Amino acid sequence: MKKLYFCIFALFFLGISFAQQTQSSYDYTQAFAPNFYSTTATSYRSASGKPGPKYWQNEAHYTIKASLDPEHNKITANLSLRYVNNSPDTLDYIWLQLDQNLFQKNSIGQKTTPQSASRYGDAASEFDGGFEFTEIKLDAKTSERYTINDTRMRIDLPNSLAPEGGEITIGISYSYIIPQYGADRTGIQATENGNIYAIAQWYPRVSVYDDILGWNTTPYTGPGEFYLEYGDYQVEVTVPSDHIVVMGAELLNPEEVWSDEQLRRLDQARNSSKTVIIRDEKEVNEIANLSSKSKQQKTWKFELKNARDIAWASSAAFIIDAAKISIGSNKSILAMSAYPKESIGNNGWERSTEYTKAAIEHYSAKWFEYPYPIAVNVASNVAGMEYPAISFCSFDAKGADLWDVTDHEFGHNWFPMIVGSNERLHGWMDEGLNMFMNTLSTKQFNKGEYHSNIGARNAIAKAFSSKSLEPVMSTPQGIKERNIGLLVYYKPQYGLELLREEIIGKESFDKAFRTYIKNWAYKHPTPDDFFRCIENETGVDLAWFWRGWFLNNWLLDQAIEKVEYILASPNNGALVTISNLEQLPMPVVIEATTESGEKHRIKLPVDIWQNTNKWTVKIPTQEKLEKVIIDPDRKYPDINPENNVWTSK
């Protein structure tokens, strides 16, 4: 931050009562440089931000049969992956992601995770996890032509996989020990009535092969999340008979796993806008108090179509409730919550289903209709993590905290579950866009029950004012962990709010944002695709904004340099000269207040800074001015609001 010195001058114009000496580092030739986009349109990606006429992506269809062993905290499974190569390229090998290998003691992630105060480790330092493989088959034939490198597996194919529709089926038998605290994305929460198992990253997942990088093989180290292909899932999970399994998918055999009374309550919930208890605390306690534990098991069968991942949870401690989600097409969609008795009370998880329902209904109405058959919120030791149709949230969250995490995690069903961006490289494309949506949903929920007007938005500008901050466009792995919240979540959110409210306009921006979601639903957009779509849909050239806010960590410092009356008379109006002192340009809002209290407000477009770092604007007043201020509503991220104000004193 530059240090500004203020001086008061007695100038020859009567009525000039203020001027500042300022030094600007603004370079308009950089800010408004042409040719922002480094690539031109292809047949795969249009210059308008749409998928091109020959856009392609590969498919991954999974059939998984798994069992949970609570005694040893172990998952054992058989997976069948049908992989379809829709690319124009012949493939000689396939890469898989082995996310559980993060928890091996010698993984890249363990070696690069700070020793303390990190979200991305396992709480038990002695834990040594990872996948164990017993067999790998290619088209039903056992293969040993594979290599494991940290969280990646390369499988060499016996025959090349043909382009434009070639298929192969990969069979994998495997197991792993569930980490107690799995990088705040999966784990085990102890409760009085048994452990809650939040199960994710639980099967080998095929890496994305795309037209940008080919195989995306960036290792999983914790901060960067996931980039996955779309496909269909058939999953069977076998657990102890006293467990309840919830999954982000349609349950195919409810009659085999729910009691008759629970089935009746589920039918009631499907037609109820109010929360209906499906399995209550009394039922949980009755099973927990049995003197002898049954060794019997149940198998829960699920199906999910056109999704990029699948996750689940299991516990004997679950209280279950549900309600109907009402969206435009009147589908029968359930909002469901699974939580232990410890989570009830003081505005706690008894409201989880209400929150889940409200979030899904809001986003469906405003942006794009929710596509999944259920939305499940699970109380766990995961502070907040999203998967298609299911979220893991902190079991002790209450009130506004529970609303915030529920709303945020279910917002992720739009970014990145529907719009499948590359979270491993561009974390802001899911977190930042989701945070932007969350601000609008929170304002609407229950007449603003949890909406907090925190005051001037530019009060948080200081958080972005350090020149040592990395750019938003850095990868999550390339950002200091303490900066991830600012740069992946809050700064993109703030930037989109500026575009919507101050630069483009709400109606035009919302329409463009909806178009982006529609264009890239179940596809893989890049940052350029997002930037191009917003520009083409709104007709606004925003290269200066993308360049300053996302590609660089440029700062904003607008200042009033001088105020003078024309021909030394207030009757002729006043001239206000403003300066742009830092590298980021923005529109300017000026409000002048006269001695009688009359206010004059002028908004200047960002275009005034295209070829200068100073601008003079006329205030059409016929009396003396009492005060002139830049950004009177404090909407912009000005790092030095003190030089935004002139007073007659």
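Everything numeric here is computed off the predicted structure, so don't read it as measured data.
- Taking the charged nitrogens against the carboxylate oxygens, Lys357 and Glu354 have no contact shorter than 4.0 Å, which rules out a salt bridge.
- Taking the ring axis of Tyr227 as reference, the NZ or CZ atom of Arg424 does not stay both within 45° of it and closer than 6.0 Å to the ring centre.
- With respect to the salt-bridge test (charged N to carboxylate O, under 4.0 angstrom), the residues Lys398 and Asp396 do not qualify.
- Salt bridge Glu261/Lys282: absent, no basic N to carboxylate O contact under 4.0 Å.
- Between Phe103 and Tyr181, the shortest heavy-atom distance links the atoms CE2-O, 4.4 Å.
- A distance of 11.0 Å separates CD of Glu135 from CD1 of Ile172, quoted to the nearest 0.5 Å.
- Cation-pi check for Arg205 over Phe226 is met; the charged atom lies under 6.0 angstrom from the ring centroid and within 45 degrees of its normal.
- How far CD of Glu369 is from CD1 of Ile327: 4.0 Å, rounded to the nearest 0.5 Å.
- Here the CD-CG distance, from Glu164 to Asn86, works out to 9.0 Å after rounding to the nearest 0.5 Å.
- A distance below 6.0 Å separates the ring centres of Tyr387 and Phe392.
- Side-chain contact between Pro158 and Arg145 is present, with at least one heavy-atom pair separated by less than 4.5 Å.
- Remark: Arg264 does not engage Asp267 in a salt bridge, criterion side-chain N to carboxylate O under 4.0 Å.
- A donor atom on one side chain and an acceptor atom on the other are not found under 3.5 Å apart for Ser67 and Thr76.
- Separating the OG1 atom in Thr169 from the CG atom in Leu79 is a distance of 10.5 Å, to the nearest 0.5 Å.
- There is no side-chain donor-acceptor pair under 3.5 Å between Asp401 and Tyr450.
- When the options His61, Gln57, Arg308, His524 are evaluated for a side chain to side chain donor-acceptor pair (under 3.5 Å) with Glu229, the one that passes is His524.
- Considering only residues two or more places apart in sequence or on other chains, Glu283 meets the salt bridge (Lys or Arg N to Asp or Glu O under 4.0 Å) condition with Arg265.
- Residues satisfying the salt bridge (Lys or Arg N to Asp or Glu O under 4.0 Å) test with Glu431, not counting sequence neighbours, are none.
- For NZ of Lys366, the number of neighbouring non-hydrogen atoms (other residues, nucleotides, ligands) closer than 6.0 Å is greater than 12.
- Between Ile168 and Ile94, the closest side-chain pair of non-hydrogen atoms falls below 4.5 Å.
- Other residues, nucleotides and ligands place no more than 12 heavy atoms under 6.0 Å from the CD atom of Glu144.
- A salt bridge links Lys341 to Glu192: at least one charged side-chain nitrogen sits closer than 4.0 Å to a carboxylate oxygen.
- For OH of Tyr93, the number of neighbouring non-hydrogen atoms (other residues, nucleotides, ligands) closer than 6.0 Å is 12 at most.
- The residues Arg82 and Glu167 are annotated as salt-bridged, a charged nitrogen and a carboxylate oxygen being separated by less than 4.0 angstrom.
- Here the closest non-hydrogen pair linking Ala200 and Tyr176 is O-OH, 4.3 Å.
- Between Val208 and Asn422, the closest side-chain pair of non-hydrogen atoms is not below 4.5 Å.
- Each of Trp202, Tyr230, Tyr233 was evaluated against Tyr62; a single residue qualifies, Tyr233, per the ring-ring contact (aromatic ring centres under 6.0 Å, His included) test.
- In this structure, the salt bridge (Lys or Arg N to Asp or Glu O under 4.0 Å) partners of Glu225, at least two apart in sequence or on a different chain, are Arg185.
- When Asn377, Asp321, Thr406 are each tested for a side-chain contact (heavy atoms from CB on, under 4.5 Å) with Trp349, only one passes: Asn377.
- By the 30° and 60° cut-offs, the orientation of the rings of Phe133 relative to Phe131 is tilted.
- Listed here is the closest heavy atom pair of His243 and Trp300: O-CZ2, 3.7 Å.
- For the pair Ser118 and Thr113, the tightest heavy-atom approach, listed with the atom from each and the gap, is OG-CG2, 3.2 Å.
- Rounding to the nearest 0.5 Å gives a distance of 11.5 Å between CD of Glu59 and CG of Leu81.
- Annotation: the span from Ser337 atom OG to Ile319 atom CD1 amounts to 11.0 Å, rounded to 0.5 Å.
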